[in-house]
Amino acid sequence: MKSLTVDAAGKLEIREFPVPAYGRCQALVKLRSCGVCNGTDTKLIHRTFKNFDTYPAILGHEGVGEVVETGADVKNLKKGDLVLLPFLEQPVDGYTPGWGAYSEYAVVGDAGAYIENGMGPGTPQWSEGYLAQTVLRPDDKVDAVGAAMIITFREVLSAIRRFGFGPNESVLIFGAGPVGLCFTRFCKLLGMGAVITTDVFDDKVAEAKRMGADYAFNSRTCDVDAEVRSLFPDGVDNVVDAVGVNALLNQAMGLIKYNGKICGYGISPKLGMELDWSTAPYNWSLNFVQWPSKKEEGEAHAQIMAWINAGVLDPMDFISHTFRFEDVIDAFALVERREPGTKKIVIEF
């Protein structure tokens, strides 16, 4: 099979590897699509992803694939199933999975089969990732390309639940990339109060409004602090950094109300900063969710699919480009150029 690799110098290359082996509680999956993650994938390429320094690596973690073979004890997966989050679990030919879904084949686990055979949580054979490797139903209103967006959807919804956003609360979202747009849309679907989204590009500001933001501002052309304070003199309930810029955490200090929450979701390449709370109220909290729990991600699946099947959440609204796998390196060049109009990019196999 072919896979996308990156070396320690950041060079991308498509290489050939053996098709992965799978165990008796696992299934072999032929990849159908994989979403490009502007956070994880690009940070792995630039060697700024926290605690990852095992190169060369095989990239990709937002995969969607079709089951083509099953292990002897598999009961909850069958040939033809469309399943989320196939990975490569083991290093191959000196290459470390990171997490390996830009590959023509990968592996998923049948969580129920693992548990039934005494290999559940707490055993060496178990991976929490099996809890998020969810099968799409035949009547789910999404194709393989759109399904790649579900991984981001589930990560963001599980983060919102972890942050503890409440009904009617106000929220300011810094960033209108794919993640920021997900926060924007979900906060409205969940019945929160005023949603304010900012970005540095006009096209993304316009997209945030289309996703339901009550207010959207270009932070390069206006004073966001003044705009927010004019709308909410006492501050907002929640501020989200959806891009990973540490300065935004300090900016948020002067924008939250008493007992407000500052929520870091974007992963900054700089793993430290001087935190200045001189402009914050006396009581506030700082929350980070930068490594979504696979269990919580799996638990978010039902809500995401309910929204999609009801027609109030369309994955294709968040996707701007698709590339064939053989052109995947061109897709990453587009990410680096930051061209206007670029949202989620999905690779098709």
Side-chain angles (χ1 to χ4, degrees), residues 25-27 29 31-37 39-40 60-67 70 74-78 80-87 89 99 101 106-116 120-121 126-165 178-179 181-192 211 265 289-319 344 346:
C25 295
Q26 295 179 319
V29 169
L31 268 291
R32 295 275 302 278
S33 68
C34 186
V36 173
C37 179
T40 299
H61 74 101
E62 296 183 356
V64 179
E66 181 179 339
V67 173
T70 57
V74 169
K75 294 185 177 179
N76 302 295
L77 299 166
K78 65 181 185 301
D81 280 346
L82 201 63
V83 63
L84 304 179
L85 285 181
F87 293 147
E89 294 193 334
W99 279 247
V107 171
V108 295
D110 180 346
Y114 272 100
I115 293 169
E116 187 174 319
W126 177 257
S127 168
E128 189 192 49
Y130 299 149
L131 297 173
Q133 290 178 331
T134 315
V135 176
L136 295 173
R137 302 193 312 258
D139 59 343
D140 284 332
K141 297 178 180 178
V142 63
D143 63 10
V145 170
M149 194 66 216
I150 294 173
I151 288 95
T152 302
F153 287 163
R154 302 190 313 184
E155 290 175 352
V156 171
L157 181 58
S158 65
I160 287 174
R161 291 174 173 177
R162 180 75 73 90
F163 288 143
F165 291 173
V179 166
L181 292 177
C182 288
F183 271 102
T184 300
R185 186 70 180 139
F186 294 175
C187 287
K188 295 307 296 183
L189 289 172
L190 291 168
M192 293 186 68
M211 290 294 176
Y265 184 89
V289 176
Q290 296 183 327
W291 188 271
S293 158
K294 292 304 175 189
K295 178 177 183 293
E296 293 173 359
E297 190 178 326
E299 291 169 347
H301 184 81
Q303 179 66 78
I304 294 299
M305 296 314 302
W307 282 336
I308 291 174
N309 291 331
V312 296
L313 178 64
D314 185 350
M316 301 309 295
D317 284 343
F318 298 78
I319 297 169
K344 191 71 168 183
V346 175

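All residue numbers in this chain count up from 1 along the given sequence.
- A donor-acceptor pair under 3.5 Å links the side-chain atoms of Asn309 to the main chain of Lys141, judged by distance alone.
- Among the candidates Val142, Leu85, Thr134, Leu313, the single residue satisfying the side-chain contact (heavy atoms from CB on, under 4.5 Å) test with Ile150 is Val142.
- A distance-only check finds no donor-acceptor pair linking the side chain of Glu62 to the backbone of Ile151 [under 3.5 Å].
- Residue Cys182 is tested with Glu155, Lys344, Met149 for a side-chain contact (heavy atoms from CB on, under 4.5 Å); the sole match is Met149.
- Looking at Lys295 and Glu128, no side-chain N of the basic residue comes within less than 4.0 Å of a carboxylate O on the acidic one, giving no salt bridge.
- Using a 4.5 Å heavy-atom cutoff, the side chains of His301 and Leu136 are in contact.
- Ser293 and Arg162 form no side-chain donor-acceptor contact under 3.5 Å, judged by distance and modelled atom types alone.
- Between Phe163 and Phe183, some side-chain heavy-atom pair lies under the 4.5 Å cut-off.
- Without hydrogens or angle criteria, Asp81 side chain to Val83 main chain gives no donor-acceptor distance under 3.5 Å.
- In this pair, Phe186 and Trp307 present their aromatic rings tilted. The plane angle is within the 30 to 60° band.
- Salt-bridge check for Lys75 with Glu116: passed, with a basic side-chain N closer than 4.0 Å to an acidic carboxylate O.
- Side-chain N or O atoms of Arg154 include none that pairs as donor or acceptor with a backbone N or O of Lys294 at under 3.5 Å.
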